[in-house]
Structure formats: C-alpha cells, structure tokens
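Contents: one structure, followed by commentary.
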Amino acid sequence: MELTTGIYETLIYKALQDKLINLNPLKYHSFTDSIDEAEAPKLIANYISKILHRILSDDSFESLSQRIEFVNSVFKYVESEWEWDLNEDYLIQQNNLLTGIIDRVGMTDEQVKSLRTSLRPLSGFNVSNLFTGSNSDISIDNEICRDILSADRISWIVAFIRFSGIKIFEESLRKFVERPGAELRVITTTYMAASEPKAIQLLANLPNTKIRVSYNTSIERLHAKSYIFERNSGFSTAYIGSSNISKSALTKGLEWNIRVTNQENPHIIQKALATFDTYWNNPDFEDFTKGGIDKFRKAIEIEYNKKSGEVKDELLQTFHIQNHQKSVLSKLKVEREVHRNFRNLIVAATGTGKTAIAAFDYKNQCKGHPENYRLLFVVHREEILRQALSTFRSILNDANFGELWVGNYTPSKNGNLNHLFISVQTFNSKRQFFQDTLPASYYDYIVIDEAHHSTANSYRDLFAQFTPHIFLGLTATPERMDGESILPDFNNRISAEIRLPEALNLLLLCPFQYYCITDDVVDLRDVDCPGGRYDINQLTQKLCDPRRLQIVVKAVINYVADEFNCKALCFCSSMEHAKFMKEGLCKAGLNAAYLTSLDPKDKRQRVLKELQDGLINYLCVVDLYNEGVDIPEVDTVLFLRPTESLTVFLQQLGRGLRLDAGKEVLTVLDFVSQAHKNYNYESRFRALIGRTVRSVSDEINNEFALLPRGCSIRMEKLAKEYILNNINTSIFDLRRLRREVELFRVNSHLELTLINFLNYFDQDIRIIYANKTLKCWTKLKMLANQLNYTQDAMTTLLEKGMSRLIHVNSINYLSFIKQLIENGFRLNVNSNNAETYAVMFYYDIFQEESGKLGFATIYDAIGQIANYPYFVQELKEIIEYLEDKINHLPKPIELGYPTVLDLHGCYTREQLLVVFGKSTPVKKGNIPREGNLELNDLNTEILWVTLNKS
C-alpha cells in the first residue's frame, strides 16, 4: 500500500508501520486513534478477510479443493492453538453452494425447476449492488419481482405510489401474499397528492397486507424510499434509494438505488428495519383501514388544492398522544405527587400540542374524580378559544363538551358554566357576575393559555377569585417584554418543558442553518461584564461601528438565500443600536425598520404586519422576543448583540423556528467577536446540541455531528477560534470556582447557597462534585474565604463522601436522609427500609468498615456528622437540589421479595451490595471481578455491565 496524504481508517500492520516510520517528520504528520473495543472484532475480521481473499486468489492454488483444504487447515490451527471448537464449521470437499430450500409438495419436477429460476435474484445474496437506471444494468423492476417471490416478509416505505408502478409488481405480490405466513407492510403518504387512490386500493385489497398513511403532511413530509425483504434463512435484502413506485421511476428514470445484502451489510438491514418499525408504531402514521379509501381520497384532494392555491376544509385529525406529550404528562404527575405542586407551568414551542397536553391532562384528572370536574379555559383571543374547545371535544370524544363565551358566542340556554372556554376580556367585563354567583372553589381545573400574559392586570382578578385544585399555564415564551416574571403564579417552577432539540427532531419546529460570522472589529474583552452580563452603554458604543455594519451587510449577502425578500428579525442591544442598524441596512439597499418596547402598541402592530407582508425585510428590535413578534413567516434571525441569558437566546431563536408553509429552513447569523472572560458561549451550543457526553469543544471540532435532524452549524475560521478560546477560558475550573464564590454576593445580590450558585450560572451540580481537587461545596467555600473549619480525619471523610450522593434520584432515600438530619443524625429504625438506608448512607459517606475507621459502629459514625454544621448544611442543600430534579414517580421493582429499589432509580455498585445484604453494618461486601453476583437464597443474579456505545 502506497502512502499518500489523505484520510485512513486501517489497522497498523508491519509493512505500514515501517512506512510510517520512514515518513519525513518535517513534511508529514500522521494521526492515530485508539481502537474501540466494541469495534475491534469487526476491524480485525475485515483485515483478515482481505488477507485470506488475497491468498485464496493466488494462482498457486490449482483447484477449489485445494482452497477448501487450506481453509480447513487454518481451522485446525485455531483449534489446536486456541482450543476453539470449530468442528461444525469445516468446509466439505464438493463444488456446490446451497442456494435454496423449497416446499415441493404438489409440484412436478418441471415446476420445481421453473420456480428455482424465478425465485433467485440475479444480483445474488452475498454482494450489494447499485442500480443506476442505465441500459447496461440489471432491470430493477424485474429484480424486485424476484425478491418479492423469495421473501418471507416484505416492508416497503415509499413517498409516492402510482397505479402504473404497482401494476408492475401486482402478479408477484399476489403470489407472495397467498403463501402461509406471508406479511406485506406498506408505509406511504398523501404529501403533494402524488399517490393515487386506485394504487392504494389495489394494495389494500391484497390479503395479508397492512398499510399505514401519513396524513399530517405539514409535519411528516415523508421522502424515504426503501423496499425491505426479510428471509427466515437470514439472507435478507433491501433496496434503498430514489425510486418511488411509479413506472417511470422503475423503468425509465435515471434513478439510483442500492440493493443491500444482509451477508455484506447486516447493520444496514437492521437499521432499515428498526427505523421502519419506529414509523410503523408511530401514531402519526395511521392505519389505512380506519378511514379507508374515502379518507385517503379526501386527503389527496386537500393536498392537490394546496398546490393549486385553493383553500378548502382541512381533514379532521384523530388525536393520538405523542411521546413528547406523554413525557410532559408524566412530569406533571411527578410535580403533583412528589413535589405537591398543583400550579403547573408548561413551557413548549408553538406546534408541540400544548392544548392537547392540557386536554389529555384534564381527561386523566376526570378519571380520578368521577364527579363533575369543572373546567375553566382562559385565553385572550377568540380563535385560540375556538381551537381549544375543538381539541378538548376531540380528545374527550364528546361533541357537546364545553361552552364558549367570547365575542358573539355566549353559553347556550340549556347549558351551564361547568366547562367554560372564555376570553379574559369577557371575564373582566362579567367580573361582578362571577364574583356574585361562583364560589372560589367552583372550578377544579383552570387553564391559562398564552400564560406569559398572566401578570397583566386583566388576569389578576382571575388569580385572586378562584382557588382551583389545579392551575395550568401554557406558554412558548415565559419571558415578558416588561421584565415581570410569571413564575410566582406557578410556585416559581416550570413543571415541564419540551426542549428545543427534542422539538426539532420531532419536526415540530423548522430546522435551522446557524452561521457564526467572524466580527474582528469589535473586541468586548474590556467591556464591564459583572455576572456575565455586559454593560449596555459600553456594549452599544462598541457595536455602533460602521466597520461592523459592513461585516453584517456582507454576511447577509453571502448567507441569506434572498436578502431582498427575506423576513428577518435583528436583535439589538439598545434603542440607539437598533436605530443605527436600521439606518445602516437601509443605506445598503435593504428594506429595514426598528422597534423598541417604548414604541406605542399600534405602531408595533403596524410594523410587524409590514414585516409579515414583506413590505419590510429586516426588523431591528430591542427586548421584543415575546409573542408580539412571534411571526411564523420569519425565516432569518440576526444576533447583532451577544445574548447573555440562555433563556432569552432560546426565546429569540425560537421566534424564527415556527413552521410555515414554504419555509424550509431558518437562517441564523450570529456575529462572534472576542468576548469578555465572564461571557459564556458554551451553554447556548449545549442547548442546541441536546444530550451528549461529549464536550461542546469536541462537538465544535467534529463539526456538530449530533445536531437535531435537518439542522447545521457552520463557523468561520476566526469565529470558531474566538468561541473555542472563550469556552476554554470560561470552564469552571478550581480557580474560577473560587473566584465566583468569593464574588457571588456582590455580583448576584443573592444568598450564597448551592442552589443559588448553580442556578445563577446555569450549571450542573457536577461542576463542583466532579472536581477531584475540590470534592465538595463546603471545601470550595473555605477555599474562597467564605467560612473556615478545622480539618481533621472526619472532615476529610465528609469532604470525600458528599460527592457520592449527587447521583441519587430515589425520593424515599432522600426523604430518609432529610429525616436523619432533622433527628440530629440519631437513627430511628422503625422499618426494615430505614435500616437498609442507614447502611447505604454510611457507606456512601465513609466507604470503609466502621472498625477500620475507628468508629464503634456505623451508627456512631453517622451520629458524629451532627458535630460538623457546615457539612450538615451542605447535606441539606444537596438533598434540596436532588429533590427538585426528580422527574419520575417512585415505583418499587417487583422481585418477589421486599427491596428498596425503585424503577428508574440510579444506584452505585456499593449501594446495590447493601440492598442485597452483601454489605452489612459490620462487613463491607465485594463486587466479583467478573461483574456478576449470584444470590442463590433470593433466586437472583446481579449483572454489572460496562456500557460502551460505539
């Protein structure tokens, strides 16, 4: 192998190592990475396969029998040297391949021979093949017919199914579905009205055939084309490519499709099947039989009318609870049952189905309250009320549910106010009526939609008058333009959120293209930035620079698809900055305007309408990121100032993420300058990426490989350098932690507590407890000169022990520790669980057997903690933090005998040894090296697995 510059992924063998050694180090540099243990077998097997293929292809072998003899000799060597039993794997000396087994009962020899010819695809089953539609290719339509006849199960997912295409396969499909055990599954869509009802009807009439259809084409725009053929023999195949089921795509079009074999690429087949099953079980893909061909025809007609510009009635959708909605409902249950919080705020982007969540939650509450469970639904706009009433009626399956009181709608004469959907304006105009006729406890369940309006005076009487069982607030934008917080109305908690990456992956929001633009004009390192927030006056002075304006205009031209017809929101630092940017953009020939929170309401509405209608293309705004500028048509966002608050950043970004007809992507331009050391870039990119164990720096260097689907982040060279430098210098290492703790009261004006500190910097508890030098919060405060204590053997144990609690998510265990603290660390053993938790707590803190540490008993050791008040306070704060993070209900694991283990609980190996009696008050248990522990007396075996996701 000749070495050239480029990318490699190969094992290093002797000849290659010699070549690497001989490379001129002044001219070349080679990269190597460690081999992943999980990938090693595949890598080594591929390497051996190539070597064996080279050897077996050599002309020194004169016959097939010699090659077989060579392979068998290799097997003999492996057996003798490694004691590996390969007896059943020896090749037999003969010249045939097994190519099929069929049931020949009731068939003549001629019929068997004919079937053999028609069953076997010409491409075979060992090597993958690419079909390109050229005249020299095997015909893909005939090859698919052969795959149909030799399959045991068929799964097709295609965006468009035309009658001309399905007729090609009709005869083969009819033969297939008549076989015992045959199963044909098809997923398709009504998107763009491309599928023909006649083709779907033909498929639906076949026996042993099931069809699922995506009708919700505004979200699920299915483009996949895959034909999967499963075989019980293991020789499965799949076509993945560009061809829909149409005659032109299968016979005349220049379509590219690859036929993958399970023998060569089993992981591709497995992933294709797993993804197909995910779609199949997703309620967004509806069983065709539910609405039949009539529903399909109507859906196609609606899609056709969309293309032609006609507007007709929308197809009514059946409400299926989505996974993200189930997650929110589960969190609401935890809030009420664990945290005893019945004033619940849900924060989720528009389009995620907040009203449906409220309806499903109300339905669940009605199950627990068989009596009349009264509902009040309040919002400020009539169209939202009418939509909400329709949603509740659908989910409750009651066409007569609820009364509407807004505008020209009034409660019916034969109805009542038990389930009332009312505008806040109507409520205020009828306030005296409600005060005179309805007691405070009349409504059990009150929903306030668009809850960011709840601090307005128009809503205050509503909160003052009623005391329901549940107050539910729904909003996409919890921040208000006037700075007032809505959280006090909801016990200062957000009960549930649908995170941005999740919503993007679910296609509930528009994907983004995020560009980080180099701003080498502005340097913010010397701007005052107390607590990570820039001084506005100094910031504005820096940003209002004509040279920076040129950078912005150039970036707009380079990155925005149509800079003269876009609809852009431009977020500025101040009124002066917004005006400067508006004037600069206009001078550059771009149509711009600006708005601030000081502008009168009528002006704001007029200018926003002009943006919506395309009369202006760039709207420069200051602190206007609430519903008032929540325009679905916005397709471009410009961050013209550094946004310090992660929440505000996400809200501003969210203004452009609304789905809208014709909008394929949101373009984001973020102008990156050299930032102050207190400013934090990491949190915003962490929020965009979602869950990953990799650092943000790693993600940046790997070009953001784990972004939500459809999204991308691109960084100009210097911008990337600025961001990486900022992240590396703003890491919460020991030096920074000490400094921030020391200045916390001055910068934040808050009490120095663990929760306040973590919330203020939007950090996880592990920044403190994963620090090997630091170990704990009390030690950090001492290093920052906030307290002092005498260090002794006990404080050393306590410093180390605190970090062993931060993973705990068992509400019962946390409650035990709280009770232990309240009792002055005197154990009150009133149940078997208390004894188990006490032993668990002892080993969490002290690790070793009590005798080895000089304690009389574990209870003596636990009791001495009371003599160290700083650590007692830290324990309290840890428990408070962990309780607040609990997001699941305690549910015991049923093992057939008593245990303290909870489903979804997180436990260390040492804690499990206590749970199963291997660690006791007097003796500490050991984990076997093999990672499994047999408990014969309990008929239980524990397996510890090191999970390495390759």
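Just so it is clear, the values below take in all heavy atoms, side chains as well, and ignore hydrogens, waters and symmetry mates. Here the structure is a predicted model, which means the values were calculated and not measured.
Ring planes of F571 and F639: parallel class, angle under 30° (limits at 30 and 60°). Classification of the F580-H577 ring pair by plane angle, with boundaries at 30° and 60°, yields parallel.
With respect to the salt-bridge test (charged N to carboxylate O, under 4.0 angstrom), the residues E610 and R606 qualify. No salt bridge links K717 with E721; every basic N to acidic carboxylate O contact stays at or beyond 4.0 Å. Ion pairing of D449 with K354 is absent here, as no side-chain N (NZ or NE/NH1/NH2) approaches a carboxylate O to less than 4.0 Å. Note on K542 versus D523: no salt bridge recorded, every NZ/NE/NH1/NH2 to OD/OE distance being 4.0 Å or above. In this structure, E703 pairs ionically with K720, as a charged nitrogen and a carboxylate oxygen lie closer than 4.0 Å. Note on K567 versus D613: no salt bridge recorded, every NZ/NE/NH1/NH2 to OD/OE distance being 4.0 Å or above. Using a 4.0 Å cut-off between charged side-chain N and carboxylate O, E633 and R658 make no salt bridge.
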### Query
Going through the checks in order, is the side-chain contact (heavy atoms from CB on, under 4.5 Å) test met by T355 and I384?
CA-CA 10 Å; T355 306; I384 299 177; 5.7 Å; no
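To the nearest 0.5 Å, atom NZ of residue K298 and atom OG1 of residue T190 are 13.0 Å apart. For the atom pair CG (L539) and CZ (R533), the distance works out to 14.0 Å, reported to the nearest 0.5 Å. If you take SG on C586 and CE on M581, they are separated by 10.5 Å, rounding to the nearest 0.5 Å. Annotation: the span from S574 atom OG to N537 atom CG amounts to 7.5 Å, rounded to 0.5 Å. The NZ atom of K225 lies 6.5 Å from the CZ atom of F160; values are rounded to the nearest 0.5 Å. To the nearest 0.5 Å, atom CZ of residue R212 and atom OG1 of residue T188 are 14.0 Å apart.
Between the S573 side chain and the I536 main chain, no donor and acceptor come within less than 3.5 Å of each other. Using a distance-only test at 3.5 Å, with no hydrogens or angles considered, no donor-acceptor pair links the side chain of Q325 to the main chain of I357. For N244 (side chain) and S246 (main-chain N/O), no donor-acceptor pair under 3.5 Å exists by modelled atom type. One N or O on the side chain of N617 and one on the backbone of C566 form a donor-acceptor pair closer than 3.5 Å. In terms of modelled atom types and a separation under 3.5 Å, the side chain of S164 and the main chain of K247 share a donor-acceptor contact. The closest donor-acceptor contact from the side chain of T518 to the backbone of A719 lies under 3.5 Å. Remark: side-chain polar atoms of E255 are not paired, donor with acceptor, to backbone N or O of L250 under 3.5 angstrom. A distance-only check finds no donor-acceptor pair linking the side chain of Q652 to the backbone of F649 [under 3.5 Å]. R162 places no side-chain N or O within 3.5 Å of a backbone atom of S248 that could act as its donor or acceptor partner. The closest donor-acceptor contact from the side chain of N702 to the backbone of A705 lies at 3.5 Å or more, if one exists at all.
The shortest non-hydrogen separation linking D526 to Q538 is O-OE1, 4.2 Å. For V213 against T189, the heavy-atom pair with the smallest separation is CG1-CA, 4.3 Å. Closest approach of P501 and A687 over heavy atoms only: CG-O, 3.2 Å. Residues Y459 and V378 come closest through the heavy atom pair CE2-CG1, 4.2 Å. The minimum heavy-atom distance between L666 and G656, with the atom names listed, is CD1-O, 3.5 Å.
Listed by first and then second residue, the ring pair (Phe, Tyr, Trp, His ring centres under 6.0 Å) pairs that reach into residues 698-727 are F685-F704, sequence neighbours excluded.
The cationic atom of K603 (NZ for Lys, CZ for Arg) lies less than 6.0 Å from the six-membered ring centre of Y594 and within 45° of the ring axis. For K582 and Y618, the positive end is not near the middle of the six-membered ring at less than 6.0 Å and at most 45° from its axis. The cationic group of R714 does not satisfy the cation-pi geometry with Y515, failing either the under 6.0 Å distance to the six-membered ring centre or the 45° limit from the ring axis.
L608 pairs in a side chain to side chain contact (heavy atoms under 4.5 Å, CB included) with only one of the listed residues (V621, I616, L595), which is L595.
In this structure, the ring of Y191 has its center less than 6.0 angstrom from the ring center of H223. Taking the six-membered ring for Trp and the full ring otherwise, the centers of F421 and Y409 sit at least 6.0 Å from each other.
Around the CD atom of Q387, the shell of radius 6.0 Å holds no more than 12 heavy atoms that belong to other residues, nucleotides or ligands.
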